[in-house]
Amino acid sequence: MRSVPSIIHLDMDAFFAAVEQASKPSLRGKPVIVGGLGGRGVVSTASYEARKFGVHSAMPMAQARRLCPNAAFLTGRFEAYRANSEIVMALLRERSPLVEPLSLDEAFVDLEAGPYGPALAGATPAEGAQLVLALAEDLRADIVAHTGLTASVGAAASKLMAKIASEQAKPDGLVLIEPGSERAVLAPMPVRALPGIGPATEQALRRAGLTTVADLADAGFEELVALLGKAHGAGVFQMALGWDERPVVPDRDAKSVSVEDTFEVDLADRDRILREIDHLAARCVRRLRAAGRSGRTVVLKVRRFDFSTLTRSETLRGPTDDPEVIGATARRLAMQVDVTGGVRLLGVGVAQLADYTQEDLFAQLEREERGRFRRRPSGRPRKRPRPPDRPSAAGGRART
DNA sequence: TCTGGGGTCCTAGGACCC
DNA sequence: TCTGGGGTCCTAGGACCC
(Lines give C-alpha, C1' and ligand atoms only; values in the text may rest on other atoms or scores of the structure.)
Protein backbone atom coordinates (compact mmCIF):
# COMPACT_ATOMS: atom_id res chain seq x y z
CA MET A 1 0.00 0.00 0.00
CA ARG A 2 1.19 3.50 -0.75
CA SER A 3 2.95 5.56 1.91
CA VAL A 4 1.30 8.86 0.95
CA PRO A 5 -2.47 9.35 1.55
CA SER A 6 -3.06 10.33 -2.05
CA ILE A 7 -6.52 8.79 -2.53
CA ILE A 8 -9.34 11.13 -1.61
CA HIS A 9 -13.03 10.49 -1.22
CA LEU A 10 -15.27 13.49 -1.74
CA ASP A 11 -18.83 13.61 -0.45
CA MET A 12 -21.07 16.63 -0.93
CA ASP A 13 -22.89 17.68 2.25
CA ALA A 14 -26.67 17.01 2.18
CA PHE A 15 -26.34 17.44 -1.56
CA PHE A 16 -29.92 17.75 -2.88
CA ALA A 17 -31.05 19.92 0.04
CA ALA A 18 -27.92 22.06 -0.23
CA VAL A 19 -28.53 22.70 -3.93
CA GLU A 20 -32.03 23.92 -3.06
CA GLN A 21 -30.68 26.17 -0.33
CA ALA A 22 -27.98 27.56 -2.60
CA SER A 23 -30.48 28.42 -5.31
CA LYS A 24 -33.10 29.87 -2.96
CA PRO A 25 -31.71 32.14 -0.21
CA SER A 26 -34.92 32.02 1.83
CA LEU A 27 -34.22 28.34 2.49
CA ARG A 28 -30.78 28.90 3.96
CA GLY A 29 -30.42 28.08 7.63
CA LYS A 30 -33.83 26.38 7.57
CA PRO A 31 -34.76 22.71 7.57
CA VAL A 32 -35.16 21.47 4.00
CA ILE A 33 -36.38 18.00 3.10
CA VAL A 34 -36.16 16.69 -0.46
CA GLY A 35 -38.04 13.58 -1.45
CA GLY A 36 -41.27 12.11 -2.74
CA LEU A 37 -44.23 14.23 -1.74
CA GLY A 38 -46.91 11.68 -2.50
CA GLY A 39 -48.54 9.48 0.05
CA ARG A 40 -45.86 6.84 -0.35
CA GLY A 41 -42.86 9.12 -0.62
CA VAL A 42 -39.65 8.82 1.35
CA VAL A 43 -36.95 11.32 2.25
CA SER A 44 -34.16 11.54 -0.28
CA THR A 45 -32.05 14.15 1.53
CA ALA A 46 -32.56 16.18 4.69
CA SER A 47 -30.56 19.34 5.35
CA TYR A 48 -28.53 19.40 8.53
CA GLU A 49 -31.13 21.70 10.08
CA ALA A 50 -33.76 19.01 9.46
CA ARG A 51 -31.50 16.21 10.70
CA LYS A 52 -31.53 17.83 14.14
CA PHE A 53 -35.18 16.80 14.31
CA GLY A 54 -34.30 13.20 13.58
CA VAL A 55 -35.14 13.28 9.89
CA HIS A 56 -32.90 11.19 7.67
CA SER A 57 -32.70 9.61 4.23
CA ALA A 58 -35.10 6.76 3.39
CA MET A 59 -37.50 7.78 6.15
CA PRO A 60 -41.17 7.79 5.10
CA MET A 61 -42.19 11.34 4.29
CA ALA A 62 -45.20 11.16 6.60
CA GLN A 63 -42.89 10.52 9.52
CA ALA A 64 -40.61 13.37 8.48
CA ARG A 65 -43.61 15.72 8.44
CA ARG A 66 -44.46 14.73 11.96
CA LEU A 67 -40.92 15.19 13.22
CA CYS A 68 -40.28 18.47 11.44
CA PRO A 69 -43.56 20.06 10.35
CA ASN A 70 -42.01 23.46 9.66
CA ALA A 71 -39.47 22.22 7.15
CA ALA A 72 -39.63 23.10 3.47
CA PHE A 73 -40.73 19.93 1.65
CA LEU A 74 -39.52 19.77 -1.94
CA THR A 75 -39.53 17.26 -4.79
CA GLY A 76 -36.21 16.55 -6.41
CA ARG A 77 -34.98 18.71 -9.30
CA PHE A 78 -32.56 16.30 -10.84
CA GLU A 79 -31.45 18.52 -13.69
CA ALA A 80 -30.16 21.02 -11.12
CA TYR A 81 -28.42 18.30 -9.13
CA ARG A 82 -26.84 16.89 -12.26
CA ALA A 83 -25.61 20.30 -13.35
CA ASN A 84 -23.96 20.93 -9.99
CA SER A 85 -22.54 17.42 -10.01
CA GLU A 86 -20.93 18.02 -13.38
CA ILE A 87 -19.27 21.17 -12.11
CA VAL A 88 -17.88 19.32 -9.12
CA MET A 89 -16.69 16.34 -11.17
CA ALA A 90 -14.96 18.73 -13.58
CA LEU A 91 -13.13 20.33 -10.66
CA LEU A 92 -12.05 16.87 -9.55
CA ARG A 93 -10.75 16.03 -13.01
CA GLU A 94 -8.56 19.12 -12.87
CA ARG A 95 -6.80 17.37 -9.98
CA SER A 96 -6.46 13.99 -11.67
CA PRO A 97 -7.76 12.02 -14.64
CA LEU A 98 -8.48 9.17 -12.24
CA VAL A 99 -11.90 10.21 -10.93
CA GLU A 100 -14.40 7.48 -10.04
CA PRO A 101 -17.89 8.86 -9.42
CA LEU A 102 -20.03 6.71 -7.12
CA SER A 103 -23.16 8.81 -7.49
CA LEU A 104 -24.04 12.43 -8.29
CA ASP A 105 -22.50 13.63 -5.04
CA GLU A 106 -19.61 11.28 -4.33
CA ALA A 107 -16.33 10.31 -5.96
CA PHE A 108 -12.89 8.87 -5.42
CA VAL A 109 -9.86 10.68 -6.84
CA ASP A 110 -6.34 9.28 -7.13
CA LEU A 111 -4.10 12.33 -6.82
CA GLU A 112 -1.03 10.29 -7.71
CA ALA A 113 -2.20 10.19 -11.34
CA GLY A 114 -2.62 13.95 -11.51
CA PRO A 115 -0.33 16.97 -11.93
CA TYR A 116 0.90 16.66 -8.34
CA GLY A 117 1.62 12.96 -8.74
CA PRO A 118 5.37 13.33 -9.19
CA ALA A 119 5.63 15.64 -6.21
CA LEU A 120 3.64 13.19 -4.10
CA ALA A 121 5.70 10.24 -5.27
CA GLY A 122 8.96 11.96 -4.40
CA ALA A 123 7.81 13.24 -1.03
CA THR A 124 8.48 11.85 2.42
CA PRO A 125 5.31 10.60 4.12
CA ALA A 126 5.14 13.78 6.19
CA GLU A 127 5.64 16.08 3.21
CA GLY A 128 3.18 14.03 1.17
CA ALA A 129 0.49 14.31 3.82
CA GLN A 130 1.01 18.08 4.01
CA LEU A 131 0.71 18.39 0.26
CA VAL A 132 -2.49 16.31 0.16
CA LEU A 133 -4.04 18.43 2.90
CA ALA A 134 -3.24 21.59 0.95
CA LEU A 135 -4.65 20.13 -2.27
CA ALA A 136 -7.83 18.99 -0.53
CA GLU A 137 -8.45 22.36 1.12
CA ASP A 138 -7.89 24.06 -2.21
CA LEU A 139 -10.41 21.69 -3.79
CA ARG A 140 -13.03 22.33 -1.13
CA ALA A 141 -12.61 26.08 -1.52
CA ASP A 142 -12.85 25.74 -5.29
CA ILE A 143 -16.12 23.81 -4.98
CA VAL A 144 -17.63 26.47 -2.73
CA ALA A 145 -16.51 29.19 -5.14
CA HIS A 146 -18.04 27.47 -8.17
CA THR A 147 -21.24 26.06 -6.66
CA GLY A 148 -21.84 27.62 -3.26
CA LEU A 149 -21.92 24.07 -1.87
CA THR A 150 -19.75 22.48 0.78
CA ALA A 151 -18.06 19.13 0.53
CA SER A 152 -16.39 16.81 2.98
CA VAL A 153 -13.16 15.13 2.00
CA GLY A 154 -11.31 12.13 3.35
CA ALA A 155 -7.71 11.39 2.37
CA ALA A 156 -5.90 8.12 2.92
CA ALA A 157 -3.76 5.48 1.27
CA SER A 158 -6.77 3.42 0.14
CA LYS A 159 -10.34 3.82 -0.99
CA LEU A 160 -11.62 2.14 2.14
CA MET A 161 -9.85 4.52 4.49
CA ALA A 162 -10.56 7.60 2.37
CA LYS A 163 -14.25 6.78 2.57
CA ILE A 164 -14.08 6.30 6.32
CA ALA A 165 -12.20 9.57 6.61
CA SER A 166 -14.79 11.55 4.67
CA GLU A 167 -17.49 10.13 6.91
CA GLN A 168 -15.57 11.49 9.90
CA ALA A 169 -15.12 14.83 8.13
CA LYS A 170 -18.84 15.52 7.73
CA PRO A 171 -20.08 18.12 7.45
CA ASP A 172 -17.83 20.58 5.65
CA GLY A 173 -14.60 19.06 6.89
CA LEU A 174 -11.36 17.38 5.93
CA VAL A 175 -9.84 14.33 7.61
CA LEU A 176 -6.61 12.60 6.71
CA ILE A 177 -5.79 9.12 7.93
CA GLU A 178 -2.05 8.54 8.21
CA PRO A 179 -0.79 5.53 6.28
CA GLY A 180 0.19 2.90 8.81
CA SER A 181 -2.46 3.90 11.31
CA GLU A 182 -5.32 2.08 9.54
CA ARG A 183 -5.77 -0.83 11.92
CA ALA A 184 -5.62 1.35 14.98
CA VAL A 185 -8.15 3.79 13.55
CA LEU A 186 -10.58 1.03 12.59
CA ALA A 187 -10.26 -1.16 15.67
CA PRO A 188 -12.70 0.61 18.02
CA MET A 189 -15.31 1.31 15.34
CA PRO A 190 -18.63 -0.57 15.22
CA VAL A 191 -18.80 -3.11 12.40
CA ARG A 192 -21.42 -0.96 10.67
CA ALA A 193 -18.72 1.62 9.92
CA LEU A 194 -17.35 -0.69 7.24
CA PRO A 195 -18.92 -0.21 3.81
CA GLY A 196 -20.81 -3.36 2.85
CA ILE A 197 -21.93 -4.17 6.38
CA GLY A 198 -25.62 -3.36 6.68
CA PRO A 199 -28.34 -4.35 9.14
CA ALA A 200 -28.45 -8.03 8.17
CA THR A 201 -24.68 -8.56 8.36
CA GLU A 202 -24.48 -6.57 11.57
CA GLN A 203 -27.05 -8.90 13.11
CA ALA A 204 -25.27 -12.03 11.91
CA LEU A 205 -22.03 -10.74 13.39
CA ARG A 206 -23.66 -9.71 16.64
CA ARG A 207 -25.07 -13.20 17.08
CA ALA A 208 -21.48 -14.42 16.88
CA GLY A 209 -20.44 -11.87 19.48
CA LEU A 210 -18.64 -9.58 17.04
CA THR A 211 -19.49 -5.90 17.42
CA THR A 212 -16.32 -3.92 16.71
CA VAL A 213 -13.88 -4.00 13.83
CA ALA A 214 -11.24 -5.25 16.25
CA ASP A 215 -13.53 -8.23 16.94
CA LEU A 216 -13.60 -8.95 13.21
CA ALA A 217 -9.84 -8.84 12.88
CA ASP A 218 -9.49 -11.16 15.90
CA ALA A 219 -12.14 -13.56 14.61
CA GLY A 220 -10.00 -14.36 11.61
CA PHE A 221 -10.57 -15.26 7.99
CA GLU A 222 -12.02 -18.73 8.57
CA GLU A 223 -14.70 -17.66 11.00
CA LEU A 224 -15.81 -14.70 8.90
CA VAL A 225 -16.09 -16.85 5.79
CA ALA A 226 -18.10 -19.42 7.73
CA LEU A 227 -20.37 -16.65 9.00
CA LEU A 228 -20.76 -14.49 5.88
CA GLY A 229 -19.89 -16.67 2.91
CA LYS A 230 -16.78 -16.78 0.78
CA ALA A 231 -16.72 -13.42 -0.95
CA HIS A 232 -18.24 -11.27 1.75
CA GLY A 233 -16.36 -12.96 4.59
CA ALA A 234 -13.03 -12.57 2.87
CA GLY A 235 -13.78 -8.95 2.01
CA VAL A 236 -14.84 -8.09 5.53
CA PHE A 237 -11.72 -9.69 6.96
CA GLN A 238 -9.45 -7.68 4.68
CA MET A 239 -11.30 -4.48 5.52
CA ALA A 240 -10.98 -5.22 9.24
CA LEU A 241 -7.22 -5.25 8.77
CA GLY A 242 -7.37 -1.99 6.87
CA TRP A 243 -6.17 -3.82 3.81
CA ASP A 244 -7.47 -2.49 0.48
CA GLU A 245 -5.61 -2.36 -2.83
CA ARG A 246 -8.55 -1.53 -5.12
CA PRO A 247 -7.56 0.97 -7.77
CA VAL A 248 -9.56 4.08 -8.59
CA VAL A 249 -11.36 3.19 -11.82
CA PRO A 250 -12.87 5.94 -14.00
CA ASP A 251 -15.56 5.43 -16.68
CA ARG A 252 -17.24 2.31 -15.47
CA ASP A 253 -19.97 1.23 -17.88
CA ALA A 254 -23.45 0.67 -16.49
CA LYS A 255 -24.46 -2.99 -16.31
CA SER A 256 -28.20 -2.48 -16.25
CA VAL A 257 -30.86 0.15 -16.88
CA SER A 258 -34.22 0.13 -15.13
CA VAL A 259 -37.22 2.28 -14.29
CA GLU A 260 -39.87 1.69 -11.70
CA ASP A 261 -42.95 3.36 -10.32
CA THR A 262 -44.72 3.08 -7.01
CA PHE A 263 -48.41 3.86 -7.40
CA GLU A 264 -50.41 6.02 -5.05
CA VAL A 265 -53.04 3.28 -4.99
CA ASP A 266 -52.33 -0.38 -5.59
CA LEU A 267 -53.21 -1.62 -9.07
CA ALA A 268 -55.54 -4.58 -9.16
CA ASP A 269 -56.66 -4.66 -12.78
CA ARG A 270 -54.53 -6.87 -15.03
CA ASP A 271 -55.10 -4.74 -18.13
CA ARG A 272 -54.09 -1.60 -16.28
CA ILE A 273 -50.96 -3.39 -15.06
CA LEU A 274 -50.07 -4.39 -18.62
CA ARG A 275 -50.54 -0.80 -19.83
CA GLU A 276 -48.27 0.50 -17.08
CA ILE A 277 -45.66 -2.05 -18.06
CA ASP A 278 -45.72 -0.70 -21.61
CA HIS A 279 -45.15 2.84 -20.35
CA LEU A 280 -42.29 1.68 -18.18
CA ALA A 281 -40.76 -0.22 -21.09
CA ALA A 282 -40.91 2.92 -23.22
CA ARG A 283 -39.21 4.98 -20.50
CA CYS A 284 -36.59 2.30 -20.01
CA VAL A 285 -35.84 2.27 -23.72
CA ARG A 286 -35.47 6.05 -23.82
CA ARG A 287 -32.78 5.83 -21.18
CA LEU A 288 -31.19 2.84 -22.85
CA ARG A 289 -30.97 4.64 -26.19
CA ALA A 290 -29.73 7.84 -24.61
CA ALA A 291 -26.82 5.79 -23.30
CA GLY A 292 -26.28 4.22 -26.71
CA ARG A 293 -26.81 0.74 -25.36
CA SER A 294 -29.10 -2.22 -25.91
CA GLY A 295 -29.86 -5.14 -23.65
CA ARG A 296 -30.41 -8.86 -23.86
CA THR A 297 -32.16 -9.68 -20.56
CA VAL A 298 -35.51 -8.12 -19.74
CA VAL A 299 -36.42 -7.91 -16.05
CA LEU A 300 -39.87 -7.31 -14.63
CA LYS A 301 -40.14 -6.26 -11.00
CA VAL A 302 -43.36 -6.50 -9.03
CA ARG A 303 -43.96 -5.32 -5.50
CA ARG A 304 -47.27 -6.58 -4.22
CA PHE A 305 -49.72 -5.02 -1.80
CA ASP A 306 -47.96 -6.70 1.14
CA PHE A 307 -44.54 -5.38 0.04
CA SER A 308 -43.39 -8.82 -1.07
CA THR A 309 -41.16 -8.18 -4.06
CA LEU A 310 -40.31 -10.50 -6.88
CA THR A 311 -38.54 -10.36 -10.20
CA ARG A 312 -39.02 -12.33 -13.39
CA SER A 313 -36.54 -12.19 -16.21
CA GLU A 314 -36.10 -13.52 -19.70
CA THR A 315 -32.96 -13.54 -21.79
CA LEU A 316 -33.45 -12.91 -25.49
CA ARG A 317 -31.27 -14.32 -28.23
CA GLY A 318 -29.57 -11.02 -28.72
CA PRO A 319 -29.56 -7.45 -27.44
CA THR A 320 -32.38 -5.11 -28.38
CA ASP A 321 -33.50 -1.56 -27.76
CA ASP A 322 -36.92 -2.05 -29.32
CA PRO A 323 -39.71 -0.90 -26.99
CA GLU A 324 -42.13 -3.37 -28.62
CA VAL A 325 -39.90 -6.33 -27.86
CA ILE A 326 -39.02 -5.21 -24.35
CA GLY A 327 -42.63 -4.33 -23.58
CA ALA A 328 -43.98 -7.61 -24.95
CA THR A 329 -41.40 -9.59 -22.99
CA ALA A 330 -42.18 -7.76 -19.77
CA ARG A 331 -45.92 -8.26 -20.30
CA ARG A 332 -45.34 -11.95 -20.90
CA LEU A 333 -43.40 -12.13 -17.64
CA ALA A 334 -46.22 -10.33 -15.84
CA MET A 335 -48.63 -13.08 -16.84
CA GLN A 336 -46.62 -15.47 -14.63
CA VAL A 337 -47.16 -13.37 -11.51
CA ASP A 338 -50.02 -13.64 -9.08
CA VAL A 339 -51.32 -10.09 -8.65
CA THR A 340 -54.44 -10.80 -6.62
CA GLY A 341 -54.53 -8.35 -3.75
CA GLY A 342 -52.93 -5.63 -5.83
CA VAL A 343 -49.57 -4.31 -6.95
CA ARG A 344 -47.90 -1.26 -5.41
CA LEU A 345 -44.83 -1.10 -7.65
CA LEU A 346 -43.91 -2.15 -11.16
CA GLY A 347 -40.48 -1.96 -12.72
CA VAL A 348 -38.98 -2.78 -16.10
CA GLY A 349 -35.27 -3.17 -16.57
CA VAL A 350 -32.73 -4.41 -19.03
CA ALA A 351 -29.45 -6.15 -18.27
CA GLN A 352 -26.67 -7.88 -20.18
CA LEU A 353 -26.07 -4.60 -21.95
CA ALA A 354 -24.25 -4.36 -25.25
CA ASP A 355 -23.18 -1.33 -27.19
CA TYR A 356 -25.75 0.02 -29.57
CA THR A 357 -26.58 -2.22 -32.54
CA GLN A 358 -27.36 -0.30 -35.71
CA GLU A 359 -29.59 -2.88 -37.31
CA ASP A 360 -31.00 -4.45 -34.19
CA LEU A 361 -31.30 -7.74 -36.00
CA PHE A 362 -32.44 -9.59 -32.97
CA ALA A 363 -35.44 -7.37 -32.51
CA GLN A 364 -36.40 -8.27 -36.05
CA LEU A 365 -36.13 -11.94 -35.23
CA GLU A 366 -38.21 -11.52 -32.10
CA ARG A 367 -40.93 -9.73 -34.07
CA GLU A 368 -40.98 -12.37 -36.79
CA GLU A 369 -41.22 -15.06 -34.15
CA ARG A 370 -44.25 -13.44 -32.53
CA GLY A 371 -45.87 -13.07 -35.93
CA ARG A 372 -45.38 -16.76 -36.64
CA PHE A 373 -46.98 -17.72 -33.37
CA ARG A 374 -49.98 -15.55 -34.07
CA ARG A 375 -50.54 -17.26 -37.40
CA ARG A 376 -50.38 -20.70 -35.85
CA PRO A 377 -53.78 -22.43 -35.87
CA SER A 378 -55.43 -21.78 -32.58
CA GLY A 379 -55.67 -24.52 -30.01
CA ARG A 380 -52.28 -25.97 -30.94
CA PRO A 381 -49.72 -25.35 -28.25
CA ARG A 382 -46.52 -23.69 -29.43
CA LYS A 383 -43.61 -25.96 -28.64
CA ARG A 384 -43.95 -27.37 -25.17
CA PRO A 385 -46.03 -25.25 -22.78
CA ARG A 386 -43.85 -23.44 -20.30
CA PRO A 387 -44.06 -24.31 -16.63
CA PRO A 388 -45.48 -21.28 -14.88
CA ASP A 389 -42.26 -20.19 -13.15
CA ARG A 390 -39.65 -21.40 -15.63
CA PRO A 391 -39.60 -19.54 -18.93
CA SER A 392 -37.68 -21.17 -21.73
CA ALA A 393 -34.09 -20.13 -21.73
CA ALA A 394 -31.91 -22.85 -23.12
CA GLY A 395 -34.20 -23.35 -26.08
CA GLY A 396 -33.63 -19.82 -27.23
CA ARG A 397 -29.91 -20.08 -26.92
CA ALA A 398 -29.68 -23.22 -28.99
CA ARG A 399 -30.99 -21.49 -32.11
CA THR A 400 -28.53 -18.60 -32.00
C1' DT B 1 -46.21 7.02 9.27
C1' DC B 2 -45.34 1.67 6.51
C1' DT B 3 -41.41 1.34 3.66
C1' DG B 4 -38.56 5.64 -3.39
C1' DG B 5 -35.72 4.91 -7.32
C1' DG B 6 -31.52 3.70 -9.36
C1' DG B 7 -27.94 0.78 -9.14
C1' DT B 8 -24.03 -3.18 -7.74
C1' DC B 9 -22.45 -7.69 -6.29
C1' DC B 10 -23.09 -12.39 -4.55
C1' DT B 11 -25.27 -17.00 -3.96
C1' DA B 12 -27.55 -21.05 -5.28
C1' DG B 13 -29.93 -24.42 -8.08
C1' DG B 14 -30.93 -26.38 -12.52
C1' DA B 15 -29.90 -26.94 -17.43
C1' DC B 16 -26.65 -28.10 -20.52
C1' DC B 17 -22.22 -29.47 -22.38
C1' DC B 18 -17.88 -31.94 -22.68
C1' DT C 1 -27.97 -49.17 -12.24
C1' DC C 2 -27.53 -45.52 -6.89
C1' DT C 3 -24.67 -43.31 -10.53
C1' DG C 4 -18.42 -37.98 -12.07
C1' DG C 5 -16.81 -33.56 -12.41
C1' DG C 6 -16.04 -29.03 -14.07
C1' DG C 7 -17.55 -24.91 -16.58
C1' DT C 8 -20.99 -21.74 -18.19
C1' DC C 9 -25.47 -19.83 -18.71
C1' DC C 10 -29.87 -18.57 -16.85
C1' DT C 11 -33.01 -17.35 -13.20
C1' DA C 12 -34.48 -15.66 -8.51
C1' DG C 13 -33.61 -13.54 -4.46
C1' DG C 14 -31.10 -10.96 -1.01
C1' DA C 15 -27.90 -7.55 0.91
C1' DC C 16 -26.15 -3.28 0.33
C1' DC C 17 -25.21 1.61 -1.29
C1' DC C 18 -26.51 6.52 -2.36
Side-chain angles (χ1 to χ4, degrees), chain A residues 9 11-12 14-16 34-45 54-69 75-76 78 81-82 85 101-107 163 166-167 192 194-204 225 228-236 249 252-264 266 280 283-284 287 291 296-317 333 336-337 344-353 386-387 389-398 400:
Chain A
H9 178 260
D11 201 333
M12 301 296 292
F15 184 52
F16 297 173
V34 178
L37 299 186
R40 289 174 163 176
V42 301
V43 175
S44 183
T45 312
V55 179
H56 58 81
S57 298
M59 172 183 282
M61 199 54 104
Q63 187 183 0
R65 286 186 193 277
R66 269 209 357 266
L67 290 172
C68 192
T75 54
F78 282 86
Y81 309 149
R82 198 164 292 115
S85 177
L102 301 177
S103 64
L104 285 182
D105 75 322
E106 227 184 285
K163 174 116 176 138
S166 74
E167 198 60 41
R192 272 303 288 274
L194 296 178
I197 297 192
T201 307
E202 179 186 27
Q203 271 309 105
V225 167
L228 306 180
K230 202 171 162 189
H232 202 198
V236 166
V249 182
R252 298 215 313 225
D253 274 348
K255 301 199 164 171
S256 66
V257 172
S258 67
V259 297
E260 62 187 54
D261 261 345
T262 293
F263 306 101
E264 287 291 321
D266 292 352
L280 290 162
R283 275 166 57 197
C284 184
R287 297 247 312 275
R296 194 156 87 88
T297 301
V298 177
V299 184
L300 174 76
K301 177 173 171 180
V302 177
R303 177 123 69 211
R304 292 185 280 206
F305 68 101
D306 60 356
F307 216 73
S308 61
T309 305
L310 48 83
T311 61
R312 291 291 177 270
S313 64
E314 185 176 325
T315 299
L316 308 173
R317 283 171 298 167
L333 291 167
Q336 307 170 9
V337 177
R344 68 178 284 141
L345 170 147
L346 288 171
V348 173
V350 169
Q352 288 220 63
L353 300 189
R386 270 194 206 112
D389 58 350
R390 275 273 149 180
S392 81
R397 194 150 37 99
T400 309

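Every chain is numbered from 1 and lettered A, B, ... according to where its sequence line falls, protein lines coming before strand lines.
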Visitor: Considering residues at least two apart in sequence or located in another chain, which fulfil the side-chain hydrogen bond (donor to acceptor under 3.5 Å, both in side chains) criterion with R287(A)?
Guide: none

Visitor: Within 90° of 0 counts as syn, otherwise anti: where does dT3(B) fall?
Guide: anti

Visitor: Do any of residues 300-310 of chain A sit with a heavy atom less than 4.0 Å from DNA chain B, and if so which?
Guide: R303(A), F307(A)

Visitor: On a heavy-atom basis, which atom in R344(A) and which in D266(A) lie closest, and how many Å separate them?
Guide: CB-OD1, 3.2 Å

Visitor: When all nucleic acid strands are considered with a 4.0 Å heavy-atom cut-off, which category describes R40(A): base, sugar-phosphate, or nothing?
Guide: sugar-phosphate

Visitor: On the nucleotide dG7(B), are OP1 or OP2 found under 4.0 Å from the side-chain N or O atoms that S258(A) carries?
Guide: yes

Visitor: Where the side chain of A200(A) is defined as all heavy atoms beyond and including C-beta, which of dC10(B), dC10(C), dA15(C) is the nearest nucleotide?
Guide: dA15(C)

Visitor: If the cut-off is 4.0 Å, is R287(A) near the phosphate of dG7(B), judged by side-chain N/O to OP1 or OP2?
Guide: yes

Visitor: Mind checking what makes salt bridge (Lys or Arg N to Asp or Glu O under 4.0 Å) contact with E202(A), not counting sequence neighbours?
Guide: R192(A), R206(A)

Visitor: Considering every strand and a 4.0 Å limit on heavy-atom distances, what is the contact class for G36(A): base, sugar-phosphate, or nothing?
Guide: nothing

Visitor: Please identify each residue that fulfils salt bridge (Lys or Arg N to Asp or Glu O under 4.0 Å) with R303(A), with sequence neighbours left out.
Guide: none

Visitor: Quick one: F16(A) CZ to dG4(B) C1', roughly how many Å, whole number?
Guide: 12 Å

Visitor: Name all residues meeting the side-chain hydrogen bond (donor to acceptor under 3.5 Å, both in side chains) criterion together with S103(A); count only those two or more places apart in sequence or in a different chain, and write none if there are none.
Guide: D105(A)

Visitor: Would one find a side-chain N or O of K255(A) under 4.0 angstrom from OP1 or OP2 of dC9(B)?
Guide: yes

Visitor: Which residues pass the side-chain hydrogen bond (donor to acceptor under 3.5 Å, both in side chains) test with E106(A), sequence neighbours left out?
Guide: H9(A), K163(A)

Visitor: For atom C1', what is the distance between dC16(C) and dG4(B), given to the nearest Å?
Guide: 16 Å

Visitor: Taking CE from M61(A) and P from dT3(B), how many angstroms apart are they, rounded to a whole number?
Guide: 12 Å

Visitor: Base, sugar-phosphate or nothing for A64(A)? Non-hydrogen atoms, less than 4.0 Å.
Guide: nothing

Visitor: Any side-chain N or O of T201(A) below 4.0 angstrom from OP1/OP2 of dC16(C)?
Guide: yes

Visitor: Between dT8(B), dG6(B), dT11(C), which one does the side chain of V259(A) approach most closely?
Guide: dG6(B)

Visitor: Report the nucleotide, chosen from dC10(C), dC18(C), dT8(B), that has the shortest atom-to-atom distance to any side-chain atom of E106(A).
Guide: dC18(C)

Visitor: Assign Q352(A) to base, sugar-phosphate, or nothing according to its heavy-atom contacts below 4.0 angstrom with the strands shown.
Guide: sugar-phosphate

Visitor: R296(A) side chain N/O closer than 4.0 Å to the phosphate oxygens (OP1, OP2) of dC10(C)?
Guide: yes

Visitor: Going by side chain to side chain contact (heavy atoms under 4.5 Å, CB included), name the residues that satisfy it together with V302(A), two or more places apart in sequence or in a different chain.
Guide: L300(A), R304(A), L310(A), V337(A), V343(A), L346(A)

Visitor: side-chain hydrogen bond (donor to acceptor under 3.5 Å, both in side chains) with D253(A): which residues, sequence neighbours excluded?
Guide: none

Visitor: Heavy atoms from C-beta onward define the side chain here; which of dC16(C), dT11(C), dG4(B) lies closest to that of P199(A)?
Guide: dC16(C)

Visitor: Name the closest nucleotide to the R344(A) side chain, picking from dG13(C), dT11(C), dG4(B).
Guide: dG4(B)

Visitor: Note down the inter-axis angle between the two ends of the helix from dG5(B)-dC18(C) to dC18(B)-dG5(C), five pairs each, to the nearest 10°.
Guide: 10°

Visitor: Regarding V43(A), tell me which of base, sugar-phosphate or nothing describes its non-hydrogen contacts under 4.0 Å with the strands shown.
Guide: nothing

Visitor: dA12(B), OP1 or OP2 - any side-chain N/O from K230(A) closer than 4.0 Å?
Guide: no

Visitor: From the list dG4(B), dC18(C), dG7(B), which nucleotide is the closest neighbour of the side chain of S44(A)?
Guide: dG4(B)

Visitor: L228(A) CG to dC9(B) C1': how many Å, rounded?
Guide: 15 Å

Visitor: Classify E260(A) by what it touches in the nucleic acid, base, sugar-phosphate, or nothing, heavy-atom distance under 4.0 Å.
Guide: base

Visitor: Closer to the 5' end of DNA chain B via nearest nucleotide, is it H232(A) or V257(A)?
Guide: V257(A)

Visitor: Measure from CD1 on I197(A) to C1' on dC9(B) and round the result to the nearest Å.
Guide: 15 Å

Visitor: Within the 4.0 Å heavy-atom criterion, would you say L104(A) contacts the bases, only the backbone, or no part of the nucleic acid?
Guide: nothing

Visitor: Could you check dC2(B) for me: syn (within 90° of 0) or anti?
Guide: syn

Visitor: So what does G39(A) hit on the nucleic acid, given a heavy-atom distance under 4.0 Å: a base, only sugar-phosphate, or nothing?
Guide: sugar-phosphate

Visitor: Which whole-number value in Å describes the distance from K163(A) NZ to dT8(B) P?
Guide: 16 Å

Visitor: The side chain of T311(A) lies closest to which of these nucleotides: dG7(B), dG13(C), dG6(B)?
Guide: dG13(C)

Visitor: Answer yes or no: does a side-chain N or O of S313(A) lie under 4.0 Å from OP1 or OP2 of dA12(C)?
Guide: yes

Visitor: Between the side chain of S85(A) and the main-chain N/O of L104(A), is any donor-acceptor distance below 3.5 Å?
Guide: yes

Visitor: Roughly how many Å is it from OH in Y81(A) to P in dG6(B), rounded to a whole number?
Guide: 15 Å

Visitor: If I take atom CZ in residue R252(A) and atom P in nucleotide dC18(C), what distance separates them, rounded to the nearest angstrom?
Guide: 13 Å

Visitor: Quick one: does T309(A)'s side chain have a donor or acceptor within less than 3.5 Å of a partner on F307(A)'s backbone?
Guide: yes

Visitor: Does a side-chain N or O from S103(A) land closer than 4.0 Å to OP1 or OP2 of dG6(B), or not?
Guide: no

Visitor: To the nearest Å, give me how far apart CE (M59(A)) and P (dT3(B)) are.
Guide: 13 Å

Visitor: For a quick test of reading the model, state the closest non-hydrogen atom pair linking S57(A) to S44(A) and the distance between them.
Guide: OG-O, 3.0 Å

Visitor: Looking at R40(A) and F263(A), would you say the former's side chain and the latter's main chain have a donor-acceptor pair under 3.5 Å?
Guide: yes

Visitor: For the residue pair F78(A) and F16(A), categorise the inter-ring angle as parallel (less than 30°), tilted (30 to 60°) or perpendicular (more than 60°).
Guide: perpendicular

